[in-house]
Undergrad: 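Below is a structure I'd like to ask you about.
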Amino acid sequence: MKLHEYQSKRIFAQYNVAIPQGQVASTPQEAREIARRLGKRVVVKAQVLVGGRGKAGGIKLANTPDEAEAVADRILGMEIKGLRVRKVLVDEAADIREEIYLGLVIDRARRRVVMMASAAGGVDIEEVARETPEKIIQVVIDPFLGLRDYQARELAFGIGLRRDRVGDFTKIAHGLYRAFEACDASLAEINPLAVTGDGTLLAVDGKMVIDDNALFRHPDLAEMRDVDEEEPAEAEARRFGLSYVKLDGQIGCMVNGAGLAMATMDITKLYGGAPANFLDIGGGAQADKVAAALRIILHDPNVKAVLFNIFGGITRCDEVARGILAALQEVPTKVPMVARLVGTNEEEGRRILAEAKMMTATTLVEAAQKAVAASQGRVVA
Ligand code: GDP
Ligand code: MN
């Protein structure tokens, strides 16, 4: 789950990272009021869950409350990379002299958290990573020891930070690491970490991604989820406890078990089709969950055929069949469907589906071939 800039920065602040004063507004009038209270030059910033807002025109300086209102009026409602701006952060403007990048990510290959810093921070950090990766200094963090002081200093010296700023930098690096750990984040980033006119370090932008699988132990973070920003189908899937990822193919897949779902996608590809999604209904799914899954699949206009691949263990095939029928009553469709149900109560499941005039298959290969053919308007005997 991604957090907004204002949410990320508030978390960082709890860990002794200095951030600008500011507040969130959802109308131009609110933006004006915040700017008036701050009583300084402000920066008005679109709160959308994508990077590159500055380049897209979503970040503007304003000298007066009037200007803040006018600028907020332009930014609110703007679309940035397909996302509508519904909120702006009004921060006191920082007097930025240098822009540092400081971030934490999980490096899967090294199986460690890695902290990265660069003196070439700011809006072009992706380009720096691509073209001059030597300008990004990394330290690998031992999970038992945590970030060590010498590692933070190594980063500070590596990016050529002035000696009198190293103490400040080290404090911020530790704060960011503690925030990352405490929140079960998979990413925490300050870009830019600004060196200001008075020589202090200030987190001007913040970004955090929280591991969804850890949200159960962070109810306060889970509440920060911004449902307006999510793909509706993915929000619906989460509500029903389904693992769903939309893809670009034509064959909707409904499968129980992540491994089986992967295998189903592979075989679909092997026979010349392309999966429209990854969807794992999990073990022991009841009819209502199956119905929700089918609604989600059919909602995707690219779907030209649906493939059910259910291995009945804890999940009962008859229960799945009933869910499919229930969903089809709610959302009648002409999309052809192929079902392969094996395992617990499979005869009963097949009998129910035969009544719905659905194609059935006994092996996964047969099912995939039929689904691919059906998606192309052909029929396999
Ligand atoms: P991003 O484009 O989504 O990464 O948004 P940022 O918050 O990082 O802002 C982009 C750029 O706008 C920064 O790198 C700064 O150069 C500039 N910027 C943002 N806030 C301020 C500010 O308070 N003062 C000044 N002078 N520039 C700012
Ligand atoms: Mn930024």
Side-chain angles (χ1 to χ4, degrees), residues 2-13 17-25 31-32 34-65 67-68 70-72 74-76 78-105 115-130 135-136 159 172 176 179-180 185 187-209 226 229:
K2 291 181 188 167
L3 295 185
H4 280 296
E5 174 196 0
Y6 74 93
Q7 297 168 324
S8 308
K9 289 202 298 200
R10 279 179 195 166
I11 293 172
F12 297 164
V17 175
I19 62 166
Q21 275 199 55
Q23 265 182 321
V24 177
R32 175 202 186 83
I34 296 165
R36 195 190 57 75
R37 277 203 302 271
L38 289 171
K40 296 194 182 107
R41 188 170 187 231
V42 296
V43 57
V44 179
K45 313 180 78 177
Q47 298 298 291
V48 278
L49 296 174
V50 286
R53 297 163 303 159
K55 286 187 177 173
I59 296 190
K60 295 262 183 280
L61 291 161
N63 289 309
T64 63
E67 259 182 61
V71 162
R74 263 191 288 149
I75 295 177
L76 286 163
M78 187 184 253
E79 205 174 272
I80 300 181
K81 297 183 185 167
L83 294 172
R84 181 78 50 201
V85 180
R86 296 166 203 271
K87 283 180 295 225
V88 290
L89 173 64
V90 183
D91 263 357
E92 66 178 295
D95 172 19
I96 302 178
R97 300 296 163 91
E98 290 167 44
E99 299 196 325
I100 296 167
Y101 172 92
L102 182 66
L104 284 160
V105 291
M115 186 171 254
M116 294 179 289
S118 177
V123 295
D124 293 319
I125 192 68
E126 280 84 8
E127 203 181 306
V128 173
R130 227 181 9 252
K135 287 190 182 161
I136 298 176
I159 64 170
I172 290 172
L176 188 64
F180 178 92
L187 181 144
E189 193 176 85
I190 304 173
N191 185 34
L193 174 62
V195 179
T196 62
D198 60 10
T200 58
L201 296 177
L202 187 68
V204 165
D205 187 13
K207 179 174 173 185
M208 256 187 141
V209 180
D226 187 346
E229 295 264 328

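For ligands, and for the atoms within them, numbers begin at 1 and follow the listed sequence. All values reported here derive from a predicted model rather than from experimental measurement.
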Undergrad: Can you tell me which residue and heavy atom of the protein come closest to atom 9 (O) of ligand 1, and the distance to 0.1 Å?
TA: Ile59 CD1, 3.3 Å
Undergrad: Does Lys9 come within less than 4.0 Å of Asp205, counting only side-chain N to carboxylate O?
TA: no
Undergrad: Please write down residue, atom name and distance for the protein heavy atom closest to atom 21 (C) of ligand 1.
TA: Ile96 CD1, 3.8 Å
Undergrad: By number and element, which atoms of ligand 1 are closer than 4.0 Å to a non-hydrogen atom of Val204?
TA: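 Going through ligand 1 atom by atom, the ones under 4.0 Å from Val204 are 19 (C), 20 (N).
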Undergrad: If you leave out waters, which protein N, O or S atoms are less than 2.8 Å from the Mn ion (ligand 2)?
TA: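 Hits for the Mn ion (ligand 2) below 2.8 Å: Asn191 O, Asp205 OD2.
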Undergrad: Of all the non-hydrogen atoms in the protein, which one sits nearest to atom 11 (C) of ligand 1, and at what distance?
TA: Val123 CG1, 3.7 Å
Undergrad: Thinking salt bridges, do Lys2 and Asp226 make one under a 4.0 Å N-O criterion?
TA: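 Between Asp226 and Lys2 there is no salt bridge, as every charged N stays at least 4.0 Å from the carboxylate O atoms.
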Undergrad: Determine whether the side chains of Gln23 and Arg37 contain a donor N or O and an acceptor N or O closer than 3.5 Å.
TA: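 Side chains of Gln23 and Arg37: pair found under 3.5 Å.
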Undergrad: Decide, yes or no, whether a salt bridge links Glu5 with Lys207 under the criterion of side-chain N to carboxylate O below 4.0 Å.
TA: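 No, Glu5 and Lys207 are not salt-bridged.
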Undergrad: Salt-bridge test for Lys55 and Asp124: reply yes if a basic N is under 4.0 Å from a carboxylate O, no otherwise.
TA: yes
Undergrad: At less than 4.0 angstrom from any non-hydrogen atom of Val43, what atoms of ligand 1 do you find?
TA: 20 (N), 23 (O)
Undergrad: For Glu189, what residues pass the salt bridge (Lys or Arg N to Asp or Glu O under 4.0 Å) criterion, not counting sequence neighbours?
TA: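 Glu189: no salt bridge (Lys or Arg N to Asp or Glu O under 4.0 Å) contacts found.
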Undergrad: At what distance is the nearest protein heavy atom to atom 13 (C) of ligand 1, and which residue and atom is it?
TA: Glu99 OE2, 3.5 Å
Undergrad: So, do Ser118 and Ile100 sit near enough that their side-chain heavy atoms are less than 4.5 Å apart?
TA: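 Not in contact.
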Undergrad: Heavy-atom distances under 4.0 Å are what count here, so tell me which part of Asp95 touches ligand 1: side chain, backbone, both or neither.
TA: neither
